[in-house]
Amino acid sequence: MAVAIAHGLGLPIDATLRAIYQAPSRLVRGLQPAAAEKLARMLAETGLEIEVVPDDLVAETDAGRLMDVAVHVIDADAAREVPAILAAFCACDEARAIDLLVTPPGLVLGSVSQATLDALRAALVGHGVAVVGSVQQQARFAALPATISHKAADEIRRQLAELDPLDLTHGQARALWDRYGRTGHVRIVDRAFLRFALWLDGADAQPDLAALDRLSAVPAPYHHDVLAAAPVILEHGLTHNAMVEKVSAYAAAGLVTRGEMTTFAAERVHVTRLGAAAQVSQAAAQFGVDPPAVAPWSSPAMFETRARLLAAALQRAGCTAEVVDA
């Protein structure tokens with residue numbers, strides 16, 4: 001839609017996309033009133049909310065309120081149509097939409113307005129995903145060294161020793177990125193987009209096991225079994241803040257827990273029974289892997305979201321498939 005509007009109005013595509021995704025914003029200026037009203041009626045038919053105002057009343061976009069937006073898959077089977085919806089919304093092809101979705105941390109849009117966030121949430125409601133927006137200037141960031149033996153990584157660690165690597169301001173994150181980001185030795189990630197698993201590691205002498213029910217919905221009959229199985233995962237997909245709060249709450253109840261970041265975790269898809277060859281090939285190709293020819297079969301290691309979506313697609317193709325640790 002944005003590309004067609006840009007061509008129709010003779011505007012640069014990037015400027016048109018920016019005006020749409022940062023709405024409310026100015027799309028065209030300097031029009032005569034009659035022409036502006038006619039254009040507004042035409043553009044309204046595309047689904048945009050259009051208003052004609054005098055040039056001198058148009059406020060510039062507040063850069064301090066612009067957001068980055070990530071999409072997190074909660075139910076992989078329900079997310080079947082998400083790539084097509086994202087492709088239409090982001091003015092890209094479906095393969096690009098899949099790459100955005102499955103590349104951690106699932107960032108699909110940058111520097112957009114609240115109106116764009118609301119529109120994407122509405123488009124994806126009921127499709128098994130959570131759409132998360134974070135205001136760039138207000139966000140807290142995590143710095144994650146991406147190498148373990150390079151001199152640059154050692155320098156980064158020395159700098160982070162003076163900071164909390166999971167609680168950087170926008171300015172601190174920008175300074176690290178400007179120096180190291182393009183080297184590939186550090187990842188700078190908005191903390192709102194990270195996800196964690198909560199592990200139960202043990203308990204004090206007299207723990208309040210009812211906390212397992214209150215905090216993680218573990219039914220009372222299973223409390224002793226869960227504790228005996230420690231270390232065991234209690235919850236997946238927690239935000240950083242939720243993870244910190246639950247670790248603190250469990251500590252108050254005499255239970256020892258910890259958070260483990262899963263955003264960049266590696267997984268595989270394991271297939272024990274094949275489905276119809278044509279459908280299996282199509283499902284595998286959609287997520288960039290060679291199709292299984294025989295079972296059992298394991299995929300290459302990949303990030304969690306790609307693995308979950310691939311497993312769901314293979315299951316729809318008739319396979320028996322599950323996600324396992326790489």
Side-chain angles (χ1 to χ4, degrees), residues 1-8 11-23 46-48 66-113 115-134 136 146 181-182 184 187-190 192-195 263-264 266-267 269 279 281-291 299-314 316-317:
M1 177 187 70
V3 175
I5 290 173
H7 288 323
L11 299 173
I13 293 174
D14 60 342
T16 305
L17 285 168
R18 189 163 53 249
I20 292 173
Y21 290 137
Q22 295 182 355
T46 68
L48 297 176
L66 294 179
M67 298 181 172
D68 292 332
V69 178
V71 174
H72 295 285
V73 175
I74 297 172
D75 182 340
D77 193 49
R80 180 177 185 176
E81 303 300 327
V82 168
I85 296 170
L86 272 181
F89 196 95
C90 297
C92 64
D93 60 32
E94 198 165 322
R96 174 58 177 159
I98 289 174
D99 282 342
L100 292 172
L101 186 64
V102 303
T103 302
L107 187 68
V108 299
L109 291 169
S111 298
V112 301
S113 66
T116 297
L117 172 63
D118 293 342
L120 182 58
R121 280 177 171 159
L124 291 175
V125 68
H127 288 281
V129 297
V131 182
V132 181
S134 180
Q136 297 167 343
R182 292 171 180 80
R187 293 186 178 107
I188 306 293
V189 185
D190 189 323
F193 303 149
L194 296 176
R195 292 297 178 266
T263 303
F264 299 96
E267 309 280 0
V269 177
Q279 288 91 328
S281 294
Q282 183 179 16
Q286 186 179 20
F287 294 97
V289 299
D290 293 330
S299 74
M302 59 187 68
F303 291 124
E304 180 189 23
T305 300
R306 185 186 295 271
R308 292 172 59 209
L309 290 173
L310 172 60
L314 290 173
R316 289 192 296 271

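None of these values were measured; they are calculated from a predicted model.
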> So, for Phe193 and Thr263, which heavy atoms are closest and what is the spacing to 0.1 Å?
Replying inline: O-OG1, 4.3 Å
>> With a 4.5 Å cut-off on side-chain heavy atoms, are Val108 and Phe89 touching?
In response: no
>> In terms of relative ring orientation, are Phe264 and Phe303 parallel, tilted or perpendicular, with 30° and 60° separating the classes?
In response: perpendicular
>> Checking Asp118 now: which residues fulfil side chain to side chain donor-acceptor pair (under 3.5 Å) with it, not counting sequence neighbours?
In response: Gln114
> Does Ala313 have any side chain to side chain contact (heavy atoms under 4.5 Å, CB included) partners at least two apart in sequence or in another chain, and if so, which?
Replying inline: Ala283, Phe287, Arg316
> Just wondering, do Leu109 and Thr116 contact through their side chains at under 4.5 Å, heavy atoms?
Replying inline: yes
>> Suppose we screen for side chain to side chain contact (heavy atoms under 4.5 Å, CB included). Which residues come up paired with Asp290, at least two apart in sequence or across chains?
In response: none
> Side chains of Arg308 and Val102: closer than 4.5 Å at any heavy-atom pair?
Replying inline: no
>> For a quick test of reading the model, state the closest non-hydrogen atom pair linking Ala192 to Arg195 and the distance between them.
In response: O-NH1, 3.0 Å
> Going by the side chain to side chain donor-acceptor pair (under 3.5 Å) test, which pairs reach into residues 81-104, not counting sequence neighbours?
Replying inline: none
> If we only count heavy atoms from C-beta on, is the Leu314 to Gln279 side-chain gap below 4.5 Å?
Replying inline: no
>> Using the side chain to side chain contact (heavy atoms under 4.5 Å, CB included) criterion, which residues pair with Ala97? Sequence neighbours excluded.
In response: Leu86, Ala87, Cys92
>> Between Leu124 and Val71, is there a side-chain heavy-atom distance shorter than 4.5 Å?
In response: yes
> Roughly how far apart are Ile85 CD1 and Arg80 CZ, rounded to 0.5 Å?
Replying inline: 12.5 Å
> Are any of the side-chain heavy atoms of Pro104 and Thr305 separated by less than 4.5 Å?
Replying inline: no
>> Please give me the minimum heavy-atom distance between Glu267 and Glu304, naming the atom from each residue.
In response: CG-CA, 3.8 Å
> Does Gln136 reach the side chain of Ser111, with side-chain heavy atoms less than 4.5 Å apart?
Replying inline: yes
> So, do Leu101 and Val73 sit near enough that their side-chain heavy atoms are less than 4.5 Å apart?
Replying inline: yes
Could you pull out all donor-acceptor pairs under 3.5 Å where a side-chain atom in residues 126-134 meets a protein atom, sequence neighbours excluded?
residue : atom : partner : partner atom : Å
Ser134  : OG   : Asp190  : OD1          : 3.4
Ser134  : OG   : Asp190  : OD2          : 2.7

>> Testing the basics here: between Ser299 and Leu310, what is the closest heavy-atom pair and its distance to 0.1 Å?
In response: CB-CD2, 4.4 Å
>> Distance check, rounded to the nearest 0.5 Å: Ser281 atom OG versus Gln286 atom CD?
In response: 13.0 Å
